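Note that the structure is a prediction, hence the values are computed from the model and not measured.
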Number of protein chains: 2
Amino acid sequence: MPTGDELVEVLATLANPHRLRVVAALARERNYVSRLARELGISRALLQVHLRKLQAAGLVSAQMELSEDGKAMKFYEVTPFSIQLTPEAVAAAVLTLTTPEIVQRDGGEESPI
Amino acid sequence: MPTGDELVEVLATLANPHRLRVVAALARERNYVSRLARELGISRALLQVHLRKLQAAGLVSAQMELSEDGKAMKFYEVTPFSIQLTPEAVAAAVLTLTTPEIVQRDGGEESPI
DNA sequence: GTTACATGCTAACTTTTCTTTGCAGGGGCA
DNA sequence: TGCCCCTGCAAAGAAAAGTTAGCATGTAAC
């Protein structure tokens with residue numbers, strides 16, 4: 001189970017139509033950047049940004065490979081993941097959130113600025 | 001199961017520490033706005049914005065109630081939800097995504113602007 | 001050499017989201 | 001009446017995210 005911060009990152013990463021489509025496409029088959037961009041109908045630059053974010057969240061992985069004709073190609077594939085979203089799971093994740101401002105309360109006093 | 005757009009909305013809504021805490025707090029007990037704001041250590045105005053977003057995503061519900069001393073209080077509570085996040089689920093959700101750009105047109109009406 | 005296809009990066013702009021600040025009304029109670 | 005607690009909303013500024021455009025590199029083929 002992911003920590004609170006990791007959960008936020010994963011959710012933020014998946015909360016985007018482009019990245020959702022990337023995950024869906026890579027779930028069907030691994031692919032390299034240029035081809036994936038053509039299939040999705042978006043620019044390569046844009047796709048690369050989204051791929052970087054997906055990789056940062058641990059949702060996809062990449063490896064460089066050389067094609068038969070010697071071209072360097074970067075193949076991406078999905079990292080298997082399974083996250084159950086329920087109010088209880090959220091409550092559990094919140095406990096591991098690193099938040100500069102709020103801590104546990106029980107005294108009922110007001111919070112300092 | 002939510003549509004692709006609904007999934008994006010739910011994920012975007014939950015991808016925020018404040019809202020995650022709100023869900024966690026309401027999962028423990030229903031609460032009214034002012035008290036919840038005090039417990040979370042955030043301003044009422046900020047909390048209201050997040051509550052509105054949570055409600056728009058269908059994650060919480062609200063009902064106005066009158067306290068014993070006649071004050072109007074808005075109680076919020078979590079809507080039970082359960083979303084399984086896997087590459088396959090994402091692939092399924094993508095099929096129902098409405099995309100402004102890839103929309104199929106047949107030349108019936110003209111588009112404004 | 002030129003064309004085609006692969007990679008990468010970043011600066012700059014646009015858009016969206018987040019947060020604060022300020023104002024509004026209503027009720028209870030000393 | 002003045003004070004405290006409850007609600008609500010919107011403008012405006014600050015911060016983050018999304019997107020485009022441009023340039024640079026390398027290999028293969030004509």
Tell me whether the side-chain N/O atoms of B:S67 come closer than 4.0 Å to OP1 or OP2 in D:dC6.
no
In whole angstroms, how far is the C1' atom of D:dA17 from the CG atom of A:N16?
9 Å
Are any of the side-chain heavy atoms of B:V33 and B:Q48 separated by less than 4.5 Å?
yes
Between P on C:dA4 and NZ on A:K71, what's the gap in Å once rounded to a whole number?
12 Å
Any donor-acceptor N/O pair, B:R19 side chain to B:A12 backbone, under 3.5 Å:
yes
Would a 4.5 Å heavy-atom cut-off, applied to side chains only, mark A:V90 and A:T86 as touching?
no
Looking for any heavy atom pair under 4.0 Å, which part of the strands does A:R19 touch: base, sugar-phosphate only, or nothing?
sugar-phosphate
Specify the separation, in whole Å, of atom CE of B:M73 and atom C1' of D:dT7.
10 Å
Candidate nucleotides C:dG28, C:dG22, D:dT7, ranked by approach to the side chain of B:D69 - the nearest
C:dG28
Options D:dT7, C:dG8, C:dG28, nucleotide nearest the side-chain atoms of A:K74
C:dG8
A:A72 near the nucleic acid: base, sugar-phosphate alone, or nothing, with a heavy-atom cut-off under 4.0 Å?
sugar-phosphate
To the nearest 0.5 Å, how far apart are CG in A:L11 and CG in B:N16?
10.5 Å
Could you state the CG-P distance from B:L66 to D:dT7, rounded to the nearest angstrom?
12 Å
Classify the nucleic acid contact of B:A12 as base, sugar-phosphate or nothing, counting any heavy atom under 4.0 Å across all strands shown.
nothing
Is there a donor-acceptor contact under 3.5 Å from the side chain of B:T3 to the main chain of B:T96?
no
Set of side-chain hydrogen bond (donor to acceptor under 3.5 Å, both in side chains) partners for A:R35, sequence neighbours left out:
A:N31, A:E39
Which parts of residues 47-58 of chain B get close to DNA chain D, meaning a heavy atom less than 4.0 angstrom away?
B:Q48, B:R52
Within this structure, what is the CZ-to-C1' distance between A:R44 and D:dT19, rounded to whole angstrom?
15 Å
Side chain of A:Y32, heavy atoms from C-beta onward: which of C:dT7, D:dC6, C:dT19 has the nearest atom to it?
C:dT7
Candidate nucleotides D:dC9, C:dA6, C:dC18, ranked by approach to the side chain of A:R38 - the nearest:
C:dA6
With sequence neighbours left out, what residues match A:R30 under salt bridge (Lys or Arg N to Asp or Glu O under 4.0 Å)?
A:E65, A:E77
Here the distance between atom P of C:dG26 and atom CE of B:M64, to the nearest Å, is 13 Å
Starting from C1' on D:dA14, measure out to CG on B:L46 and report it in whole angstrom.
14 Å
To the nearest Å, give me how far apart OH (A:Y76) and P (C:dA6) are.
15 Å
